[in-house]
Amino acid sequence: ITNAAPGLDAAWSTAERGRARFAEALRDAADDALVEALFDVLADGTKLPLSPTRMPPSVEDRLCYVCVPPVEVSSNKFWGTRTH
């Protein structure tokens, strides 16, 4: 959930890319290569554009990937995707 513009109904580029890459892997990967293809999606290092998040630039810069390692957003408070 975000309070960033343009609002909750706006598509997130990270979610859209992840969803598209997962669908592609499920559709195109051979059975014996599926697990590796899915891990490749999680390891996607493409930096994507974000809507403003009101986070410090050093934090915001780390939130623009399909999978986000834990990022300290304030003292002892972390944010990241559940894949890490």
Side-chain angles (χ1 to χ4, degrees):
I1 295 178
T2 180
N3 59 358
L8 294 175
D9 294 330
W12 293 11
S13 58
T14 52
E16 287 182 329
R17 181 174 176 87
R19 206 172 14 256
R21 297 236 14 241
F22 270 108
E24 178 184 318
L26 291 171
R27 183 184 62 244
D28 298 341
D31 289 345
D32 60 341
L34 180 57
V35 171
E36 188 65 33
L38 293 174
F39 277 115
D40 286 346
V41 174
L42 297 177
D44 187 343
T46 303
K47 189 174 181 178
L48 301 166
L50 289 177
S51 297
T53 64
R54 299 183 191 163
M55 295 285 189
S58 61
V59 171
E60 190 171 284
D61 188 57
R62 296 186 57 201
L63 302 179
C64 57
Y65 300 96
V66 170
C67 290
V68 178
V71 176
E72 189 168 16
V73 294
S74 64
S75 181
N76 291 323
K77 293 185 180 177
F78 294 86
W79 187 93
T81 53
R82 293 183 181 192
T83 56
H84 288 77

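The structure presented is a predicted model; accordingly, all values stated were derived computationally and were not measured. Worth knowing before you read on, the calculation uses all heavy atoms, side chains too, and leaves out hydrogens, waters and symmetry mates.
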* Tell me, which pairs form a side chain to side chain donor-acceptor pair (under 3.5 Å) where one or both residues lie in residues 28-48, sequence neighbours left out? -> Arg17-Asp44, Arg17-Thr46, Arg21-Asp44, Asp44-Thr46, Lys47-Asp61
* side chain to side chain donor-acceptor pair (under 3.5 Å): which pairs involve residues 63-74, sequence neighbours left out? ->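 Every candidate side chain to side chain donor-acceptor pair (under 3.5 Å) pair involving residues 63-74 fails, so no pair, neighbours aside, qualifies.
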* **Whichever hydrophobic residues join Phe78 through chains of side-chain contacts under 4.5 Å** =>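 Members other than Phe78 - counting any ILVMFWY side chain reachable under 4.5 Å - there are none.
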* Hey, what else clusters with Val66 if you join Ile, Leu, Val, Met, Phe, Trp, Tyr whenever side-chain heavy atoms sit under 4.5 Å? ->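 Besides Val66, the cluster holds Leu48.
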* Tell me, please, which residues at least two apart from Ala15 pass side-chain contact (heavy atoms from CB on, under 4.5 Å). =>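 Counting only residues at least two positions away or on another chain, Ala15 forms a side-chain contact (heavy atoms from CB on, under 4.5 Å) with Trp12, Arg19.
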* To do: Would you please name every residue forming a side-chain contact (heavy atoms from CB on, under 4.5 Å) with Ala37, sequence neighbours left out?
  =>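 Residues passing side-chain contact (heavy atoms from CB on, under 4.5 Å) with Ala37: Ala25, Ala29.
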* Asked: With Glu60, which residues qualify under side-chain hydrogen bond (donor to acceptor under 3.5 Å, both in side chains), at least two apart?
  ->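 Listed in chain order: Thr53.
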